[in-house]
Amino acid sequence: MSILKVARMGHPVLREKARALSPSDIRSAAIQRLIDDLFETMAEYEGIGLAAPQVHEGVQLFVAGHDSEEGDQGFPRIALINPEITIVDEEVVEDWEGCLSIPDIRGRVPRAREIKVTAYDRHAKKTEMKARNYVARVIQHETDHLHGVLFLDRMTSFETIAFLEEFERYWSREHVTPE
């Protein structure tokens, strides 16, 4: 496994629509290695999600989640390929987001509270899951990367853009909307 270079905002790969993968592509050694490398890179940079375009690979694939600790239901690690999102709950919630491709910047982004996602898993098996709150936010954020969209594009106001240091200094946990 390898730690890959993460593309930063301004690199054209982040603005391109990624191509879909066929089941035979998904089963290939190259894509399986890419999935492992995405997980390793995400962990190295302490992210909660990472899309293939962020590591200069224009395919519809992202990984997300983390290894849960004992007693933590958390967000189990997933790899989703060719994801299609359906809004389940029309309620939109605005909350803080960041991105490994836009390091040290945070901003409030409106997202659907509840979604359903249909995709292939890393074994090329069709899967469907519902997600709410934080997990739904992460899936929507990573799926946006597959369509050339960054979280800044989704913001309705730039008044909340903050450098990470100021975010941590002035926006304590009690100010951040709980999920």
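We count residues from 1, following the sequence as given. Atoms considered below: every heavy atom in the structure, side chains included; atoms not considered: hydrogens, waters and symmetry mates.
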Is the backbone of [Y] close enough, under 3.5 Å, to the side chain of [X] for a donor and an acceptor to pair up by distance?
| X | Y | result |
| --- | --- | --- |
| Asp153 | Leu150 | yes |
| His123 | Lys125 | no |
| Arg122 | Gln32 | yes |
| Thr41 | Leu4 | yes |
| Asp25 | Ser22 | yes |
| Glu44 | Glu40 | no |
| Gln60 | Ala18 | yes |
| Thr127 | Tyr120 | no |
| Glu168 | Glu165 | no |

Do [X] and [Y] come close enough that some side-chain heavy atom pair is under 4.5 Å?
| X | Y | value |
| --- | --- | --- |
| His141 | Cys99 | yes |
| Ile78 | Val63 | no |
| Glu166 | Arg106 | no |
| Met9 | Ser101 | no |
| Thr86 | Ile115 | no |
| Arg19 | Leu21 | yes |

Does atom [atom1] ([X]) have a neighbourhood of more than 12 heavy atoms from anything else shown, all under 6.0 Å?
| X | atom1 | value |
| --- | --- | --- |
| Glu128 | CD | yes |
| Glu91 | CD | yes |
| Arg8 | CZ | no |

Salt bridge or not for [X] and [Y], using N-O below 4.0 Å?
| X | Y | result |
| --- | --- | --- |
| Glu97 | Arg137 | yes |
| Asp95 | Arg113 | no |
| Asp89 | Lys130 | no |

Heavy-atom closest pair, residues [X] and [Y]:
| X | Y | answer |
| --- | --- | --- |
| Gly47 | Leu100 | CA-CD1, 4.2 Å |
| Met129 | Ile139 | CE-CD1, 3.9 Å |
| Val138 | Ala64 | CG1-CB, 3.9 Å |
| Ala112 | Ile87 | CB-CD1, 3.5 Å |
| Asp37 | Ser2 | OD1-N, 2.7 Å |
| Ala51 | Glu142 | N-OE1, 3.3 Å |

Val93 and Arg111: CA distance, side-chain angles, deciding distance, side chain to side chain contact (heavy atoms under 4.5 Å, CB included) verdict: CA-CA 5 Å; Val93 179; Arg111 301 271 185 195; over 6 Å; no
Membership question, hydrophobic clusters at under 4.5 Å side-chain separation (ILVMFWY): are Leu146 and Ile48 in the same one?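 They do share one cluster, since a chain of ILVMFWY contacts under 4.5 Å joins Ile48 to Leu146.
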Do Ile105 and Tyr45 belong together in a cluster built from hydrophobic side chains that touch within less than 4.5 Å?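 Different hydrophobic clusters.
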Test: Arg77 cationic atom under 6.0 Å from Phe39 six-membered ring centre, within 45° of axis: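 Yes, a cation-pi geometry.
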So Ile102 and Phe151, side chain to side chain contact (heavy atoms under 4.5 Å, CB included) or not? Walk me through it. CA-CA 9 Å; Ile102 310 172; Phe151 83 85; 3.7 Å; yes
Using a distance-only test with no angle check, is there a side-chain donor-acceptor pair under 3.5 angstrom linking Thr118 and Glu84?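 No - no donor-acceptor pair under 3.5 Å links their side chains.
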